[in-house]
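See below for the structure under consideration.
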Amino acid sequence: MCGIVGYTGARQAAPIIMEGLKRLEYRGYDSAGIAVLQPDGSIGVRRDVGKLGNLAARLGPDPLSGHYGLGHTRWATHGAPSERNSHPHRSTDGAIVVVHNGIVENFRELRAELQAEGVQFASETDTEVIVHLVALLAQPGVSLTEAVRQAACRLEGAQAIVVMSAHEPGRLVAVRIGNAGGVALGVGEGEMFVASDIPAILEHTRRIVFLESRQIATLDADGFRVQDLHGQPIHLVEHAIAWDPVSAAKGEYRHFMQKEIFEQARSLTDTLRGRINFETGEVTLGTLEISAEDAKKLKRLVTVACGTSAYAGLVGKFIIEGLARLPVEVDYGSEYRYRDPILDPDTAVLAITQSGETVDTLAAMEEASHKKARLWSIVNAIGSQAMRLADGYIAMQTGPEIGVASTKAFTASITDQYLLALYLAQQRGTISPAEQPAHARALAHLPELVSEVLERHAEIEALAGHLYHYTNFLYLGRGINYPIALEGALKLKEISYIHAEGYPAGEMKHGPIALIDEQMPVLAIATQDRVYEKMINQIEQAKARNGVVVAIGTQGDHALAEKADHVFYVPPSPEYLSPIVNVLPLQLLAYAIAVRRGCDVDQPRNLAKSVTVE
Ligand code: AGP
């Protein structure tokens with residue numbers, strides 16, 4: 001996650017920005033930078049790789065003075081961590097400066113277009129196209145806000161951007177597109193703040209305004225104004241944030257689970273950062289490595305996990321078998337260790353665990369270690385046992401997941417298994433270099449797909465109004481989306497206390513179809529894929545028995561609306577990413593129903609965020 005802090009007012013900007021970046025330290029970073037308009041009218045910039053302390057050390061002997069500036073901490077996507085790839089990025093004449101969170105998916109064509117205009121690039125980042133585009137558009141008579149607005153309309157992907165200019169001293173312009181990262185405006189007395197998360201500015205003001213997707217804000221010391229990307233003025237509500245860190249951490253959201261659902265475009269951007277070359281498709285995991293020789297010798301992968309993480313493993317089975325041609329078994333951690341499993345050095349065991357402390361999963365890891373299997377983990381909690389026990393790990397990098405019901409960790413662990421599958425396929429030679437870029441492009445586009453679905457949350461909230469009173473649900477899916485039926489059912493039952501069962505749709509005729517009547521809604525995942533026709537059959541069979549059918553369908557599939565009682569449409573997506581796109585409405589539906597039922601969404605009864613006891 002990148003961190004952004006901006007200030008304009010009467011005080012010195014640098015100390016405020018540096019302290020704000022420090023308060024975003026939980027987001028982690030590989031480089032940091034700051035820009036301040038100096039008394040001589042030039043914008044001074046200092047940048048350094050590594051921890052924020054390195055930048056502070058550079059500022060000590062070489063301070064920046066001025067009342068208006070920007071700061072940034074970076075997770076690398078395009079361009080390795082280095083001083084030249086650090087933000088802020090500058091226009092050729094140094095008069096315009098940008099910081100950015102997200103991925104400009106069309107940066108290659110924009111870079112080529114700008115180079116054709118004679119622009120010289122100083123870095124390998126996608127971000128740099130933004131500052132040169134703004135500079136090109138900020139012709140005399142065109143305000144910074146208008147130039148930024150026009151530039152933002154050219155960008156594809158989810159972004160959070162803040163811009164400053166020596167030509168408009170004291171003015172910051174902030175844009176948010178999708179959910180790549182928040183943009184919070186802090187309203188002070190004669191000063192304004194902007195940050196990617198409110199802990200950075202809460203010590204200065206509790207008056208916070210949250211930019212929503214496709215909105216642009218202009219900040220001056222005496223206030224701010226907001227417009228949409230068409231230039232139409234917008235009025236946003238000012239929130240009075242309670243001082244306590246918990247509500248501060250929830251920001252504009254009512255529950256952590258809600259915040260974590262809506263963070264998924266950003267958390268998926270972060271879990272991809274620095275791990276895949278979006279041009280060649282080459283995957284480098286860093287903390288998990290295996291030689292080509294050993295990868296070719298692998299006979300089997302055993303995935304062990306619990307609950308939602310186990311369902312992510314079931315999705316990963318399709319992807320890893322499909323790309324790396326490696327047989328994958330998925331087992332519950334709580335069952336695995338009592339089976340005296342057959343393991344050897346040519347077996348890899350993959351533990352998936354958000355907390356990294358689930359006792360059943362850790363026990364399975366111990367078993368694997370004792371039997372000399374190669375042990376890997378996909379884990380979110382940095383420094384947890386599952387990270388330390390493994391021979392190699394992939395950090396989910398989603399930031400802390402506080403809600404007991406796992407959401408962003410689930411989609412991150414599927415994405416990380418996709419990266420693992422591509423890495424193993426590279427090492428085993430089961431896909432050609434020519435095939436890799438297509439997977440990289442699909443993954444680069446994923447955050448935007450996620451944003452597109454989440455932006456339509458109101459449709460799910462309306463659907464919940466028709467469903468929240470039912471006391472039993474059946475979730476049906478097939479193929480790679482069968483595990484999504486399991487996950488959707490688990491989400492509903494664990495936060496709304498409604499009985500819900502996930503089932504492979506093809507199994508209905510072997511028993512569960514006896515359950516279906518008008519009191520048993522069937523949630524069918526029927527997006528257009530290789531098992532679509534089979535799913536339509538299941539829907540027709542449920543309807544024939546007076547079932548209430550809610551379908552997740554592919555945009556444009558109007559025939560589905562003829563068959564199901566309710567349909568939520570998602571954008572078309574590649575097979576390996578469809579589980580991530582399809583689970584989003586199910587997360588939102590579980591959340592909306594639980595809220596309507598007055599349940600304690602973040603801390604459901606009888607549950608714990610990490611099951612550290614048997
Ligand atoms: C998911 O919403 C539940 N909270 C639960 O099933 C969870 O996924 C399971 O306990 C595993 O936790 P872990 O990923 O931290 O190991």
Side-chain angles (χ1 to χ4, degrees), residues 255-261 263-264 267 271 303-316 330-337 349-366 368 375-390 393-417 475 483-498 500-502 579 583-584 586-591 593-594 599-614:
H255 299 101
F256 280 108
M257 180 184 178
Q258 185 190 28
K259 179 179 181 196
E260 288 148 12
I261 288 173
E263 275 180 339
Q264 288 178 101
S267 55
T271 208
T303 300
V304 290
C306 299
T308 284
S309 295
Y311 300 154
L314 287 171
V315 175
V330 182
D331 217 322
Y332 288 115
S334 54
E335 291 295 316
Y336 188 66
R337 57 186 165 136
V349 174
L350 173 68
I352 301 175
T353 169
Q354 189 286 131
S355 63
E357 300 297 343
T358 298
V359 65
D360 290 324
T361 304
L362 292 174
M365 293 179 77
E366 299 275 355
L375 184 54
W376 294 327
S377 63
I378 294 177
V379 51
N380 196 35
I382 303 292
S384 59
Q385 290 187 73
M387 184 171 274
R388 288 182 278 111
L389 267 174
Y393 67 85
I394 302 174
M396 294 179 194
Q397 294 175 169
T398 72
E401 185 177 72
I402 313 293
V404 166
S406 184
T407 48
K408 61 180 181 174
F410 176 69
T411 51
S413 46
I414 292 173
T415 306
D416 293 336
Q417 289 178 90
Y475 283 67
I484 301 307
L486 298 175
E487 172 59 11
L490 175 60
K491 287 282 103 38
L492 184 70
K493 72 181 105 173
E494 71 174 325
I495 62 173
S496 68
Y497 316 145
I498 295 173
E501 198 168 352
V583 78
L584 300 172
L586 306 188
Q587 294 173 343
L588 290 169
L589 183 62
Y591 175 77
I593 288 176
C599 297
D600 182 349
V601 171
D602 281 336
Q603 292 168 340
R605 68 186 183 197
N606 312 335
L607 294 179
K609 181 59 187 170
S610 175
V611 182
T612 55
V613 293
E614 286 202 57

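Both counts, for ligands and for their atoms, begin at 1 and track the order of listing. These figures come from a predicted structure and were not determined experimentally.
Remark: Q603 CD is loosely packed, at most 12 non-hydrogen atoms of other residues, nucleotides or ligands lying under 6.0 Å away. A 6.0 Å sphere centred on OH of Y336 holds more than 12 heavy atoms belonging to other residues, nucleotides or ligands.
Annotation: atom 4 (N) of ligand 1 to nearest protein heavy atom, V404 O, 2.7 Å. At the shortest separation from atom 12 (O) of ligand 1 among protein heavy atoms lies T358 OG1, 3.5 Å. If you check which protein heavy atom lies closest to atom 2 (O) of ligand 1, you get E494 OE2, 2.4 Å. Among all non-hydrogen protein atoms, the one lying nearest atom 10 (O) of ligand 1 is V611 CG2, 4.0 Å. Nearest non-hydrogen protein atom to atom 9 (C) of ligand 1 is C306 O, 3.7 Å. The protein atom (non-hydrogen) at minimum distance from atom 14 (O) of ligand 1 is S309 OG, 2.6 Å.
A donor-acceptor pair is defined here as one N or O able to donate and one able to accept, closer than 3.5 Å; such a pair exists between the side chain of K491 and the backbone of S406. Although no hydrogens or angles enter the test, the distance criterion places a donor-acceptor pair under 3.5 Å between the side chain of S413 and the main chain of A409.
What you find for Q587 and Q264 is that their closest heavy atoms are OE1-NE2, 2.7 Å.
Taking every non-hydrogen atom of G307 and a distance limit under 4.0 Å, the qualifying atoms of ligand 1 come out as 6 (O). Numbered from 1 in the order shown, with element, the atoms of ligand 1 that lie under 4.0 Å from a heavy atom of S406 read 1 (C), 2 (O). Atoms of ligand 1 lying under 4.0 Å from any heavy atom of A405, numbered from 1 in the order shown and given with element: 2 (O). Within ligand 1, the atoms closer than 4.0 Å to a non-hydrogen atom of K491 are 1 (C), 2 (O), numbered from 1 in the order shown.
Salt-bridge check for E401 with K408: failed, with every basic side-chain N at 4.0 Å or more from each acidic carboxylate O.
Among N380, D416, T415, T411, the single residue meeting the side-chain hydrogen bond (donor to acceptor under 3.5 Å, both in side chains) criterion with T271 is D416.
Nearest to atom 5 (C) of ligand 1 by heavy-atom distance, out of T308, I378, V359, is T308.
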**OP:** For side chain to side chain contact (heavy atoms under 4.5 Å, CB included), just list the numbers for Y332 and D360, CA-CA rounded to whole Å, side-chain angles, deciding distance to a tenth of an Å, and then say yes or no.
**Re:** CA-CA 8 Å; Y332 288 115; D360 290 324; over 6 Å; no
